[in-house]
Amino acid sequence: MAERILSAKGPATESAGWIRPTGRQLLGEGEVHVWRVSLDQAAPTIRQLYGLLSEDERARAGEYAFARDRERFTVLRSALRMILGEYTGIKSRDIPLRYGQKGKPFIWRRKGLAPMHFNASHSAGLGLVAVARGHRVGVDLEAVRASFEWMTIAGRFFSARECECISSLPASDQADVFSALWTRKEACLKAAGLGLAGGLEQVEVATDPQESPKLLRAPIEMLPLSRWELIDLEPGEGFRGCLVVEGPCLERKQWIWSYPPSLAG
Ligand SMILES: CC(C)(COP(=O)(O)OP(=O)(O)OC[C@H]1O[C@@H](n2cnc3c(N)ncnc32)[C@H](O)[C@@H]1OP(=O)(O)O)[C@@H](O)C(=O)NCCC(=O)NCCS
């Protein structure tokens with residue numbers, strides 16, 4: 001039943017559509033770029049990356065109880081700053097990040113700076129950053145946890161149809177498809193800036209393997225539903241991901257983020 005959802009397995013190699021870019025990337029209208037970021041970096045690199053964070057980001061990093069979480073936050077946030085810096089021409093540490101009512105970060109628009117939208121997600125040692133010009137985007141990434149009691153969570157946040165899609169599968173595939181559906185739902189809420197406060201249970205996505213992923217039900221702020229395009233990503237073996245774009249995504253490029261040689265540890 002869920003062949004299409006299952007078929008998104010596989011390693012995020014260059015052959016799976018993730019490419020190491022050469023030179024600076026240009027982002028056209030209607031285009032979306034997704035960057036894949038490895039979050040586990042060497043200590044000297046992390047120390048340098050920490051220098052790119054703003055005061056409030058450093059304070060936030062300091063709130064993490066575990067060093068690994070603090071380091072991964074530092075790596076993803078600094079990569080986000082560098083990626084945005086590449087497109088805007090603004091120095092990474094000067095990117096004017098602000099936050100929406102529900103916490104979605106955005107670039108404070110300066111005169112002469114074309115509107116740019118972005119969103120980020122992380123899970124285990126991997127991060128994704130989606131960037132678009134003129135269209136809101138949401139991205140979500142989840143590491144699939146094999147021995148995971150998905151039923152309890154799905155019962156609370158998934159529709160009857162979504163639960164049925166998972167439970168009709170062999171037990172060995174259920175956690176994987178749960179994660180695929182979860183990322184679709186969460187990426188929708190993130191695209192609209194609602195975050196989880198928007199209510200995962202208010203979002204329903206298509207589960208038919210013959211259909212492209214699409215939104216069937218969403219909070220009122222997201223209507224009309226037809227304006228959101230859902231794209232399943234293949235972030236890497238053991239991960240599920242989804243990108244949601246407001247308006248048609250005319251072209252998608254998937255890049256592997258590498259640190260400038262001066263930072264690579
Ligand atoms: C942000 C949120 C969606 C996190 O989901 P998650 O699966 O734990 O984490 P992800 O890695 O997928 O996404 C986190 C990133 O999403 C972005 N983000 C934060 N709030 C967001 C929002 N409302 N909408 C879209 N993106 C958001 C940030 O870049 C964040 O990265 P950071 O944690 O490094 O700052 C969820 O925790 C949330 O909705 N938080 C908002 C706070 C909240 O619910 N408050 C309740 C009262 S309003």
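Atoms within a ligand are numbered from 1 in the order they appear, just like the ligands themselves.
For the pair R47 and L49, the minimum side-chain heavy-atom distance is 4.5 Å or more. Between M222 and W228 the shortest side-chain heavy-atom distance falls below 4.5 Å. Proximity of L141 to R240: side-chain heavy atoms (C-beta onward) are nowhere separated by under 4.5 Å.
Residue R81 comes nearest to S92 through the heavy atom pair NH1-O, 2.9 Å, listed as atom of the first residue, atom of the second, then distance. Across every non-hydrogen atom of A130 and V137, the tightest pair is O-CG2, 3.9 Å. Scanning all heavy atoms of the two residues, the minimum distance from S121 to V139 falls at CB-O, 3.5 Å.
Of the protein's heavy atoms, A120 O, 3.3 Å lies nearest to atom 15 (C) of ligand 1. Among protein heavy atoms, the minimum distance from atom 47 (C) of ligand 1 is reached at A197 CB, 4.5 Å. Nearest protein neighbour of atom 38 (C) of ligand 1, counting heavy atoms only, is L196 N, 3.7 Å. For atom 27 (C) of ligand 1, the nearest non-hydrogen atom of the protein is K104 CA, 3.8 Å. Nearest non-hydrogen protein atom to atom 19 (C) of ligand 1 is G103 O, 3.3 Å. Of all protein heavy atoms, the one lying nearest to atom 12 (O) of ligand 1 is S121 OG, 2.7 Å. What sits closest to atom 18 (N) of ligand 1 on the protein, heavy atoms only, is P105 CD, 3.7 Å. Nearest protein heavy-atom contact of atom 41 (C) of ligand 1 is K102 O, 3.4 Å.
Using a 4.0 Å cut-off to heavy atoms of F73, the atoms of ligand 1 that qualify are 34 (O). Remark: ligand 1 atoms within the under-4.0 Å shell around heavy atoms of L194 are 23 (N).
Shown here, atom 21 (C) of ligand 1 is in close reach of the protein: a heavy atom of it lies under 4.0 Å off. Protein non-hydrogen atoms do reach within 4.0 Å of atom 29 (O) of ligand 1. Not a single protein heavy atom sits closer than 4.0 Å to atom 1 (C) of ligand 1. The nearest protein heavy atom to atom 43 (C) of ligand 1 is not closer than 4.0 Å. There is no protein heavy atom less than 4.0 angstrom from atom 8 (O) of ligand 1.
Between Y64 and F73, the ring planes are tilted. Angles from 30° to 60° get that label. Relative ring orientation between F178 and W150 is described as tilted, the plane-to-plane angle lying within the 30° to 60° band. Ring geometry for W257 versus Y259: interplanar angle over 60°, hence perpendicular rather than tilted (30 to 60°).
In this structure, G138 falls outside the shell of residues with a heavy atom less than 4.0 angstrom from ligand 1.
Annotation: the span from L52 atom CG to I95 atom CD1 amounts to 10.5 Å, rounded to 0.5 Å. Between atom CD of residue E86 and atom CD of residue Q25 there is a gap of 8.0 Å, rounded to the nearest 0.5 Å.
The backbone N or O of V34 sits nowhere less than 3.5 Å from a side-chain atom of Q254 that would complete a donor-acceptor pair.
When the heavy atoms of K190, E57, E186 are ranked by distance to atom 4 (C) of ligand 1, first place goes to E186. Distances from atom 33 (O) of ligand 1 to the heavy atoms of R60, R77, E142, H122 put R60 nearest.
A salt bridge links E162 with K185; the closest basic N to acidic carboxylate O contact falls under 4.0 Å.
At a heavy-atom distance under 4.0 Å, no atom of Y99 approaches ligand 1. Using a 4.0 Å cut-off between heavy atoms, N119 contacts ligand 1 through its side chain alone, with no backbone atom that close.
Below 3.5 Å of separation, one finds an N or O of G193 facing an N or O of ligand 1.
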